[in-house]
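The structure appears below as structure tokens.
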Amino acid sequence: ATTPEKGVQLIFLDRGMRPTDPEENPDGSDISLYQDIINKLIKGGIPKSEIASMSPSDGKLLSDETKQKIMDQANEGKIRVIIGSSATAGVGINVQTLLYAEHHLDMPDVPANYEQRKGRILRQHNNYSDEAFQQEYGRDRVKLYHYSTSNSQDAARLQMVDRKASMINAPFEDTSV
């Protein structure tokens, strides 16, 4: 845990945000994975005030002021867990100051979205990737976690994104010239 240092964790999940959206929940279930995660975090001891969702269940976008408030509070260590999608938390969100871990609960279809997600944590001005921090607290650099479900398409999805990314990057990596 990162409690003494007020580390922040970012959870990415593109599907299961709104249970009534057939594209996100094709099986017709009425479960909001976002809300389920939030409930489990609270049950596990994280105060509700330290959890923020960048993707409200009503489908409306957050205002710029609300996003800025979440970013400021995360960078101050007041918000400890942020849950969002590639679209809502993968672009234009600057929470890197105290971002310690990033969790990918699903894989986006487009390699650029995955790169944007990782770009939230793998960047300058992250205290957890600062060498002095590592010496003081004896911790490794930031953590990236990927999750998959047994007997699902998760692993195939990751391989597909990797293949797409290598095809896109191939012309830039040719060293035979």
Side-chain angles (χ1 to χ4, degrees), residues 1-2 5-18 24 33-34 37-38 41 46 50-56 59-134 137 139-148 153-175:
T2 61
E5 301 88 38
K6 300 289 186 187
V8 176
Q9 299 193 47
L10 180 56
I11 300 171
F12 280 106
L13 178 61
D14 287 352
R15 293 161 188 81
M17 180 172 32
R18 294 181 299 274
E24 289 187 21
L33 295 178
Y34 275 53
I37 292 167
I38 291 169
L41 290 170
I46 298 174
E50 294 184 7
I51 303 169
S53 174
M54 298 299 288
S55 304
K60 296 178 182 174
L61 295 176
L62 296 179
S63 69
D64 290 341
E65 294 81 23
T66 301
K67 285 183 193 178
Q68 188 61 54
K69 183 179 177 184
I70 290 171
M71 288 188 287
D72 291 345
Q73 289 180 336
N75 285 324
E76 294 166 5
K78 294 176 182 172
I79 287 181
R80 307 294 303 285
V81 179
I82 300 171
I83 303 171
S85 66
S86 296
T88 62
V91 179
I93 302 300
N94 297 311
V95 293
Q96 71 273 7
T97 305
L98 297 172
L99 194 54
Y100 174 71
E102 195 172 271
H103 303 266
H104 300 271
L105 301 187
D106 62 10
M107 186 56 60
D109 295 325
V110 181
N113 289 349
Y114 181 55
E115 290 301 317
Q116 281 293 329
R117 283 178 171 194
K118 292 189 305 182
R120 300 309 94 213
I121 194 167
L122 302 175
R123 63 191 314 176
Q124 293 178 343
H125 309 296
N126 182 326
N127 292 350
Y128 281 92
S129 63
D130 177 81
E131 207 170 299
F133 176 89
Q134 291 174 27
Y137 293 101
R139 298 227 172 139
D140 291 336
R141 291 185 176 261
V142 295
K143 305 288 185 186
L144 289 168
Y145 297 97
H146 299 84
Y147 302 89
S148 64
Q153 295 297 316
D154 292 343
R157 196 176 202 76
L158 177 59
Q159 290 173 345
M160 178 189 68
V161 168
D162 282 343
R163 276 193 313 271
K164 285 181 182 179
S166 14
M167 288 187 296
I168 291 168
N169 293 327
F172 305 106
E173 296 173 356
D174 184 10
T175 58

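Position 1 is the first residue of the sequence, and the numbers go up from there. What you see below is based on every heavy atom in this structure, not just the backbone, and it leaves out hydrogens, waters and symmetry mates.
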Problem - Side-chain donor-acceptor pair present, Q68, D72, cut-off under 3.5 Å - result: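 Per modelled atom types, Q68 and D72 side chains form a pair under 3.5 Å.
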
Handout entry: With K69 via side-chain contact (heavy atoms from CB on, under 4.5 Å) - residues at least two apart
Key =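 Once residues adjacent in sequence are excluded, the partners of K69 under the side-chain contact (heavy atoms from CB on, under 4.5 Å) criterion are Q73.
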
Exercise for the section: Output all residues satisfying side-chain contact (heavy atoms from CB on, under 4.5 Å) with L122, sequence neighbours left out; order by chain, then residue number. Expected result: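 Counting only residues at least two positions away or on another chain, L122 forms a side-chain contact (heavy atoms from CB on, under 4.5 Å) with K118, V142, L144.
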
Exercise for the section: Measure the acute angle between the ring planes of Y145 and H103, then classify it against the limits of 30° and 60° as parallel, tilted or perpendicular. Expected result: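 Parallel: the ring planes of Y145 and H103 meet at under 30°.
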
Handout entry: Set of residues satisfying side-chain hydrogen bond (donor to acceptor under 3.5 Å, both in side chains) with respect to Q116, sequence neighbours excluded
Key =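 R120.
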
Closest approach of [X] and [Y], non-hydrogen atoms and distance?
{"X": "L99", "Y": "N126", "value": "O-ND2, 2.9 Å"}
{"X": "A89", "Y": "M54", "value": "CB-CG, 4.2 Å"}
{"X": "A74", "Y": "I82", "value": "CB-CD1, 3.8 Å"}
{"X": "I83", "Y": "I38", "value": "CD1-CG1, 3.5 Å"}
{"X": "G119", "Y": "R123", "value": "O-CD, 3.1 Å"}
{"X": "D14", "Y": "S86", "value": "OD1-N, 2.6 Å"}

Exercise for the section: Using modelled atom types only, decide if a donor and an acceptor are shared between the side chain of N94 and the backbone of N75 within a distance under 3.5 Å. Expected result: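 No, because the side chain of N94 does not come within donor-acceptor range (under 3.5 Å) of the backbone of N75.
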
Problem - Heavy-atom check, side chain of I93 versus side chain of L10, under 4.5 Å - result: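 Of all side-chain heavy-atom pairs linking L10 with I93, none is under 4.5 Å.
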
Exercise for the section: Begin from the C-alpha positions of H146 and M107 and carry the test side-chain contact (heavy atoms from CB on, under 4.5 Å) through to its verdict. Expected result: CA-CA 8 Å; H146 299 84; M107 186 56 60; 4.0 Å; yes

Exercise for the section: Output, in order, the C-alpha distance, side-chain angles, deciding distance and verdict of side-chain contact (heavy atoms from CB on, under 4.5 Å) for L13 and I37. Expected result: CA-CA 10 Å; L13 178 61; I37 292 167; 4.0 Å; yes

Nearest-0.5 Å distance, [atom1] of residue [X] to [atom2] of residue [Y]:
{"X": "T97", "Y": "E76", "atom1": "OG1", "atom2": "CD", "result": "9.5 Å"}
{"X": "I11", "Y": "H104", "atom1": "CD1", "atom2": "NE2", "result": "11.0 Å"}
{"X": "Y100", "Y": "N127", "atom1": "OH", "atom2": "CG", "result": "13.5 Å"}
{"X": "L41", "Y": "Q9", "atom1": "CG", "atom2": "CD", "result": "9.0 Å"}
{"X": "Y34", "Y": "L105", "atom1": "OH", "atom2": "CG", "result": "9.0 Å"}

Practice task
Quick one: do L62 and T88 satisfy side-chain contact (heavy atoms from CB on, under 4.5 Å)? Show the steps, please.
Solution key: CA-CA 9 Å; L62 296 179; T88 62; over 6 Å; no

